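Accompanying notes for the structure given below.
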Amino acid sequence: MVNNFPVLVERIKQEGKSLEGGILKVDSFINHQLDPDLLEQMSAEFNRRFDPASYDKIVTIEASGIAPAVMLGYLAHKKVVFAKKKKPSTMSNMLVTEVFSFTKNTTYQICISGEFIHAGERLLFIDDFLANGKAASGIIDLANQAQAKIVGMGFLIEKAFQQGGSLLREQNIHVESLATIASLDNCTITFA
């Protein structure tokens, strides 16, 4: 069921740009320049859709997922841990997996310290985009390595014309997307 958040949909209509190759550019308010008021509204909506009692910690991937994850963490009073895209020399007990980036057309490793995700923890994943679901699958892998459980995944924008959402929902993961894009054909943004 599509449950678009009207505030975000309107902002995408006003400032979003559809580029060749299925790219949606929202860098004027989400993933380059940030609008804190919009971030707060989106995070409050996530806080409504995911009961804070249902999870112990929020996880994300640097960089664009950090802002909404931290804002939600603030509202829900939960700690936030983000997967790093470069392995720091100081990280101990490192959990590592590979992720393919649709936007950058490259595969890279992400890592989280096992000090910050523990066996039995219930995790909520927050990110900016859901497309092919590769980042989400990477986070699931890291959670499995830590013997933690992903209890939900929240995305600012889902590209429903790509398979990520279907793959996650088939795994019985509670997925919430604030804006669902049905198509970017002919560089036109069509909402589901």
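Quick caveat: nothing in here was measured; it's all calculated off a predicted structure.
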Min side-chain heavy-atom separation [X]-[Y] under 4.5 Å:
| X | Y | result |
| --- | --- | --- |
| Phe46 | Leu178 | yes |
| Tyr108 | Phe100 | no |
| Met42 | Leu156 | yes |
| Phe161 | Thr180 | no |

Please determine whether residues [X] and [Y] belong to a single hydrophobic cluster, defined as Ile, Leu, Val, Met, Phe, Trp and Tyr linked transitively by side-chain heavy-atom distances below 4.5 Å.
| X | Y | result |
| --- | --- | --- |
| Phe50 | Leu39 | yes |
| Phe29 | Phe155 | no |
| Leu184 | Ile30 | yes |
| Ile157 | Phe191 | yes |
| Leu130 | Leu142 | yes |

>> Quick one, Gln109 with Thr97, criterion side chain to side chain contact (heavy atoms under 4.5 Å, CB included). Give me CA distance, side-chain angles, the key distance, then yes/no.
In response: CA-CA 6 Å; Gln109 289 188 324; Thr97 193; over 6 Å; no
Straight-line distance of [X] [atom1] to [Y] [atom2], nearest 0.5 Å:
| X | Y | atom1 | atom2 | value |
| --- | --- | --- | --- | --- |
| Asp35 | Glu40 | CG | CD | 10.5 Å |
| His174 | Arg49 | NE2 | CZ | 8.0 Å |
| Ile112 | Asn93 | CD1 | CG | 11.5 Å |
| Cys111 | Met94 | SG | CE | 5.0 Å |

N/O donor-acceptor pair under 3.5 Å between [X] side chain and [Y] backbone:
| X | Y | value |
| --- | --- | --- |
| Ser54 | Asp51 | yes |
| Gln171 | Leu167 | yes |
| Ser43 | Gln41 | no |
| Asn4 | Ala192 | yes |

> Excluding sequence neighbours, so at least two apart, what forms salt bridge (charged side-chain N to carboxylate O under 4.0 Å, His left out) with Lys79?
Replying inline: none
>> Using side chain to side chain contact (heavy atoms under 4.5 Å, CB included), reason through Ile140 and Met153 one step at a time and then give a plain yes or no.
In response: CA-CA 10 Å; Ile140 292 169; Met153 294 191 158; 3.6 Å; yes
Where do [X] and [Y] come nearest, in terms of heavy atoms and distance?
| X | Y | value |
| --- | --- | --- |
| Ser177 | Glu158 | OG-OE1, 2.6 Å |
| His32 | Asp27 | CB-O, 3.3 Å |
| Ala136 | Leu168 | CB-CD1, 3.8 Å |

Please tabulate, for side-chain N and O atoms in residues 56-78, each donor-acceptor pair with protein atoms closer than 3.5 Å (sequence neighbours left out).
from, atom 1, to, atom 2, distance (Å)
Asp56, OD1, Arg122, NH2, 2.9
Asp56, OD2, Arg122, N, 2.7
Asp56, OD2, Arg122, NE, 3.3
Lys57, NZ, Phe116, O, 2.5
Lys57, NZ, Glu121, OE2, 3.3
Thr60, OG1, Gly65, O, 3.4
Thr60, OG1, Ile126, O, 2.6
Glu62, OE2, Lys85, N, 2.7
Lys78, NZ, Pro52, O, 2.9
Lys78, NZ, Tyr55, O, 2.8

Which atom pairs, donor and acceptor, lie under 3.5 Å between side-chain atoms of residues 15-26 and protein residues at least two apart or in another chain?
from, atom 1, to, atom 2, distance (Å)
Glu15, OE1, Ser28, OG, 2.6
Glu15, OE2, Arg11, NE, 2.6
Glu15, OE2, Arg11, NH2, 3.4

>> Is there a side chain to side chain contact (heavy atoms under 4.5 Å, CB included) between Leu123 and Ile117? Walk through the geometry before answering.
In response: CA-CA 9 Å; Leu123 307 174; Ile117 296 181; 3.8 Å; yes
> Take atom NE2 in His118; do more than 12 heavy atoms of anything else shown fall under 6.0 Å from it?
Replying inline: yes
>> side chain to side chain contact (heavy atoms under 4.5 Å, CB included), that's the test. Do Asp141 and Leu95 meet it? Break it down for me.
In response: CA-CA 9 Å; Asp141 184 37; Leu95 309 172; over 6 Å; no
